[in-house]
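Heads up, the thing below is written out as structure tokens.
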Amino acid sequence: MLGIVIAVIVSLVIAIPVTIVASNAYHKNVDAKKIGGAEEQARSIIDKAVEDANAKKREILVEAKEESMRSKNEIEKEVRERRAEVQKSEHRIQQKEENLDRKLEAVEKRENGLNAREEQMNKEKAEIAKLNQQRVQELERISGLTSEQAREFLLKTVEEDVKTDAAKLVKESLAQVKDEVNKKAKDIVVNAIQKCAADHVAESTISVVQLPSDEMKGRIIGREGRNIRTLETMTGVELIIDDTPEAVVLSAFDPVRREVARIALEKLIVDGRIHPARIEEMVEKAQKEVDNAIREEGEAATFEVGVHGIHPELVKLLGRMKYRTSYGQNALKHSIEVAHLCGLLAAEVGEDVRLAKRAGLLHDIGKAVDQEMEGSHIQLGVELCKKYKEIPLIINAVAAHHGDCEPESLIAVLVQAADTISAARPGARRDTLDSYTNRIQQLEDITNDFKGVEKSFAIQAGREVRVMVVPEKVSDADMVLLARDISKRIEEELQYPGQIKVNVIRESRVTDYAK
């Protein structure tokens, strides 16, 4: 049994190497065959690839040749077309040159004809001038006048005709304009005035304080006049204590100081303790009350008009205008009325109502300080508006409301109109006798300076002037121009509220007596 096992093991030992060697030989043979087949396959693939490449190369060469032929044909075609276009252009240019040559020939012929005609005309002009000279000489001989005398006579005749026609044209134009404008203007102004109702208070330079009894006068004067001197020194107001029963008169040109003095004196009278220390205390209190009242009046004015955003200092200045008057018309009431009128007029003509009211309210702001500072109220108003950053439109309206400069906007013109309406309406202002008589005299002097005026009369409180002319010196046509010239001169030289009507009267009278 053991021998069998050993024999089997020996057989296996011998068989395994043999089997391995045989397997290796087999595998080598198989691998050699595979390698040979792969090489043959690779050679066939390479050959096929070479053939495909050659075929592709031939195709590409054929396509390139075909493309080259197509490009060549297209280029030749384009060249032929351009050559044809160039030939056409050359043909057109040649035709144009021929046409220009023909036109030049025609122009030369025409120029030659014109030159010949010009020579003929020069000859005719010379002949006409000669004939005209002969005609003038013959006319001078027949008429007995020289050419200069005849020319002067003709110019004078033509001038009179033209003057008459101009006067008629001016008269017709003015009549037409008045017919078209007056009704609309009156409607606008009347509507504005009807919608604006403002109260007016006449102020003066004095205030009267009522006393409970005449004994109070002595207490106000004080021992050796110390009380009255203290009061006058503190307020800058003159106290007039005379025989007027139970009354003391306060006199001052500054209405604010006069108001402070009035309030202080009334407080002292109520308090009963009148001595220098108490007077100083009451004057200080009165000053504070007046300052508060000024601020409240300015705010009330802006609220009444409906204008907001005004600088607080300008509002205070507006309040000071309550104590300022112009020809008896309260300045603050006047400014409020002008603001309302400006707003109404602006609404009628389609302008900014808010800006118009603002310009109207501030147009006289310079009157609040014109008694304390140098300059007219217009200059001071412009400076104040610039100082407190008002817009240029408002500044121009303030500067132009009396015609000192040209208005740059329609709102500035509306301020002029509203200011005139408020100031010139009957009862709005009072005028002093001296200024009234001076204005009347200046009005008559202006009209009397014109040539042909016999005499003139200012009537209707200076709102109308009647001019009597010499009939022999002023014709009916001259009257129209004379009235216009007088109106223009009055506008330039005279300051007046409202408007002045100029009536020119020409009257011819013939007198004879029966004996």
Side-chain angles (χ1 to χ4, degrees), residues 132 135-183 185-186 403 420 424 426 431 433-515:
N132 188 33
R135 181 180 61 84
V136 170
Q137 292 175 354
E138 184 66 18
L139 288 174
E140 290 178 353
R141 185 185 65 81
I142 295 172
S143 63
L145 298 173
T146 63
S147 59
E148 293 297 330
Q149 293 173 343
R151 184 180 294 107
E152 291 178 1
F153 177 75
L154 182 61
L155 288 175
K156 186 176 180 180
T157 303
V158 171
E159 183 180 1
E160 291 178 355
D161 293 341
V162 170
K163 193 174 182 180
T164 303
D165 293 340
K168 291 180 180 178
L169 183 60
V170 170
K171 188 174 182 180
E172 292 174 358
S173 300
L174 288 175
Q176 183 178 2
V177 170
K178 288 179 180 178
D179 290 341
E180 294 176 355
V181 172
N182 279 346
K183 188 176 184 301
K186 287 179 180 178
T420 303
D431 204 351
L433 179 62
D434 290 340
S435 62
Y436 169 76
T437 55
N438 288 336
R439 188 172 72 246
I440 297 297
Q441 185 63 43
Q442 289 177 6
L443 183 60
E444 293 181 351
D445 291 342
I446 288 174
T447 54
N448 289 330
D449 284 343
F450 283 86
K451 184 178 180 181
V453 175
E454 182 179 4
K455 53 188 175 180
S456 60
F457 304 97
I459 60 176
Q460 296 292 333
R463 298 184 184 276
E464 181 179 349
V465 58
R466 291 182 180 176
V467 183
M468 311 296 292
V469 299
V470 180
E472 292 78 12
K473 295 182 179 180
V474 180
S475 64
D476 289 340
D478 294 334
M479 290 173 60
V480 179
L481 301 178
L482 179 61
R484 187 175 183 83
D485 293 339
I486 292 175
S487 301
K488 291 294 183 183
R489 187 169 171 186
I490 291 173
E491 291 175 359
E492 294 173 357
E493 298 183 9
L494 198 61
Q495 295 291 332
Y496 54 92
Q499 63 182 12
I500 296 176
K501 183 179 180 181
V502 178
N503 277 329
V504 179
I505 301 173
R506 178 176 182 266
E507 184 179 18
S508 297
R509 292 186 181 181
V510 177
T511 304
D512 199 359
Y513 296 93
K515 297 180 181 179

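- The CG atom of N503 sits 12.0 Å away from the OG1 atom of T447 when rounded to the nearest 0.5 Å.
- For the atom pair CZ (R489) and CG (L494), the distance works out to 11.0 Å, reported to the nearest 0.5 Å.
- Listed by first then second residue, pairs satisfying salt bridge (Lys or Arg N to Asp or Glu O under 4.0 Å) with a partner in residues 477-488 read K163-D478, not counting sequence neighbours.
- A search for salt bridge (Lys or Arg N to Asp or Glu O under 4.0 Å) contacts involving E454 returns nothing, not counting sequence neighbours.
- Note that NZ of K501 is 13.5 Å distant from CD1 of I490, once rounded to the nearest 0.5 Å.
- In this structure, the separation between NZ on K451 and NZ on K473 is 7.5 Å, given to the nearest 0.5 Å.
- Considering all non-hydrogen atoms of both residues, A458 and I440 come closest at CB-CG2, 3.7 Å.
- Between E444 and N448, the side chains place no donor N or O within less than 3.5 Å of an acceptor N or O (distance only, hydrogens not considered).
- Summarising the geometry, atom CZ belonging to R466 is positioned 12.5 Å from atom OG belonging to S456; distances are rounded to the nearest 0.5 Å.
- A donor-acceptor contact shorter than 3.5 Å links the side chain of R506 to the backbone of V474.
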